Amino acid sequence: MADVLSVGVNLEAFAQAISAIQALRSSVSRVFDCLKDGMRNKETLEGREKAFIANFQDNLHSVNRDLNELERLSNLVGKPSENHPLHNSGLLSLDPVQDKTPLYSQLLQAYKWSNKLQYHAGLASGLLNQQSLKRSANQMGVSAKRRPKAQPTTLVLPPQYVDDVISRIDRMFPEMSIHLSRPNGTSAMLLLDIWSKSNYQVFQKVTDHATTALLHYQLPQMPDVVVRSFMTWLRSYIKLFQAPCQRCGKFLQDGLPPTWRDFRTLEAFHDTCRQ
């Protein structure tokens, strides 16, 4: 842990700065001692005043000298690379080519982003739970009581059932190529090429919307309905360049056709018109 804390800090200058702080405290103490003792140990008043002023000036000069020295050393000490180093990962900042391989700074940014995401997810979860309780109370006509949290369930389907569902969907959408693969035994994987990035902006937008649709169609207890619903939504793009926008009535807006399809009605909209 000591090595981590020393990352980005000049330890030699740090030790000298501690000594300078001690010297500065001593100088300040002598100033107050001088003020406390006042004028004494001289026979005449004039002699006591001159001695007091000389001693006071010497002490002030010492304070000024020690303060300047501390400021100089503070510039040499430096500071840690980050306020919250991630254990031994802080040693990554010792890389002499930090500008070319900024691993540590990127790691800290990811760590901060993860913490912020977790914080906002907690807030969103609390708000959604409150809204869910309110809807339940309004619909059922009973007071909103805290219900036990439902335990996650795992849905296991026989391979033959999965094959039959995909076969029926394949017959429903002859224009689309669907392939079922089992690379790791019984776990099935439906192959749809919606991840390869296109060179055309219109198809990039369609890919973004398809990713959103994958998150929208979620019904764990009825996976066949989910797949059919998504495939029906995806099939609506067969008229991508033929269907006008249902709001503005235009075929093109900023050089692009309506790329959004409503999840319920499958109607076509431009991005700016669907809001």
Side-chain angles (χ1 to χ4, degrees), residues 113 117 120-121 123-132 134-136 138-139 150 152-157 159-183 187-275:
W113 181 86
L117 177 63
H120 287 291
L123 295 178
S125 176
L127 292 175
L128 290 176
N129 288 336
Q130 292 176 6
Q131 295 299 322
S132 177
K134 290 180 181 178
R135 288 196 300 270
S136 299
N138 294 333
Q139 293 173 1
T153 58
T154 301
L155 187 63
V156 179
L157 300 174
Q160 184 60 40
Y161 175 80
V162 176
D163 292 340
D164 292 341
V165 170
I166 298 304
S167 178
R168 290 197 299 270
I169 293 177
D170 191 23
R171 291 194 295 270
M172 289 175 58
F173 307 102
E175 306 91 348
M176 305 174 65
S177 176
I178 304 175
H179 178 66
L180 189 66
S181 176
R182 288 188 171 87
S187 299
M189 181 174 61
L190 187 63
L191 300 182
L192 292 170
D193 188 16
I194 62 174
W195 306 109
S196 299
K197 187 173 183 179
S198 173
N199 294 327
Y200 301 96
Q201 186 178 3
V202 59
F203 295 117
Q204 293 176 8
K205 285 185 172 293
V206 172
T207 300
D208 294 338
H209 299 331
T211 304
T212 305
L214 287 173
L215 299 176
H216 173 77
Y217 293 111
Q218 293 291 332
L219 194 58
Q221 301 302 327
M222 302 180 67
D224 54 332
V225 176
V226 172
V227 176
R228 282 201 303 270
S229 300
F230 175 75
M231 297 301 294
T232 301
W233 177 87
L234 190 62
R235 185 175 180 270
S236 64
Y237 281 96
I238 195 171
K239 295 183 178 181
L240 175 62
F241 298 99
Q242 301 173 8
C245 176
Q246 295 300 308
R247 172 159 297 183
C248 68
K250 298 180 179 179
F251 286 90
L252 295 177
Q253 186 179 90
D254 297 330
L256 295 175
T259 57
W260 175 261
R261 296 296 182 271
D262 187 86
F263 292 138
R264 186 174 58 87
T265 63
L266 305 182
E267 293 178 335
F269 294 92
H270 292 112
D271 274 351
T272 57
C273 293
R274 69 185 178 93
Q275 302 298 331

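For clarity, every value in this text was computed on a predicted model and none was experimentally measured.
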Hydrogens and angles aside, do T232 and R228 bring a side-chain donor and acceptor to less than 3.5 Å of each other? no
One should read off an interatomic distance between Q253 CD and T259 OG1, to the nearest 0.5 angstrom, of 9.5 Å
Closest heavy-atom contact between T212 and W260? CG2-CH2, 4.5 Å
Go through it in stages, so that I can follow the logic: the residues are V165 and R168, the test is side-chain contact (heavy atoms from CB on, under 4.5 Å), and I'd like the CA-CA distance, side-chain angles, deciding distance and then a yes or no. CA-CA 5 Å; V165 170; R168 290 197 299 270; 3.5 Å; yes
Considering only heavy atoms from C-beta outward, does the side chain of H209 approach that of Y237 to under 4.5 Å? yes
Tell me whether Q218 contacts the main-chain N or O of L214 through its side chain, where contact means a donor paired with an acceptor under 3.5 Å. yes
Who pairs with L256 by side chain to side chain contact (heavy atoms under 4.5 Å, CB included), at least two apart in sequence or on another chain? Q201, V202, K205
When rounded to the nearest 0.5 angstrom, what is the spacing between CZ in F203 and CG in L240? 6.0 Å
So how far is it from W233 CH2 to R264 CZ, rounded to the nearest 0.5 Å? 16.0 Å
Identify which one of C245, C248, P258 satisfies the side chain to side chain contact (heavy atoms under 4.5 Å, CB included) criterion when paired with F269. C245
Could you grab the distance from atom CZ of R247 to atom OG1 of T272, nearest 0.5 Å is fine? 9.5 Å
Of the non-hydrogen atoms in K239 and R261, which two are nearest, and what is the gap between them? O-NH2, 3.7 Å
Of all heavy-atom pairs between F230 and A210, which one has the smallest distance, and what is that distance? CE1-O, 3.8 Å
Restricting to non-hydrogen atoms, name the atom on L252 and the atom on P257 that form the minimum distance, rounded to 0.1 Å. CD2-N, 3.7 Å
With distance as the sole test, does S229 use its side chain to make a donor-acceptor pair with the main-chain N or O of V225 at under 3.5 Å? yes
Considering residues at least two apart in sequence or located in another chain, which fulfil the salt bridge (Lys or Arg N to Asp or Glu O under 4.0 Å) criterion with D164? none
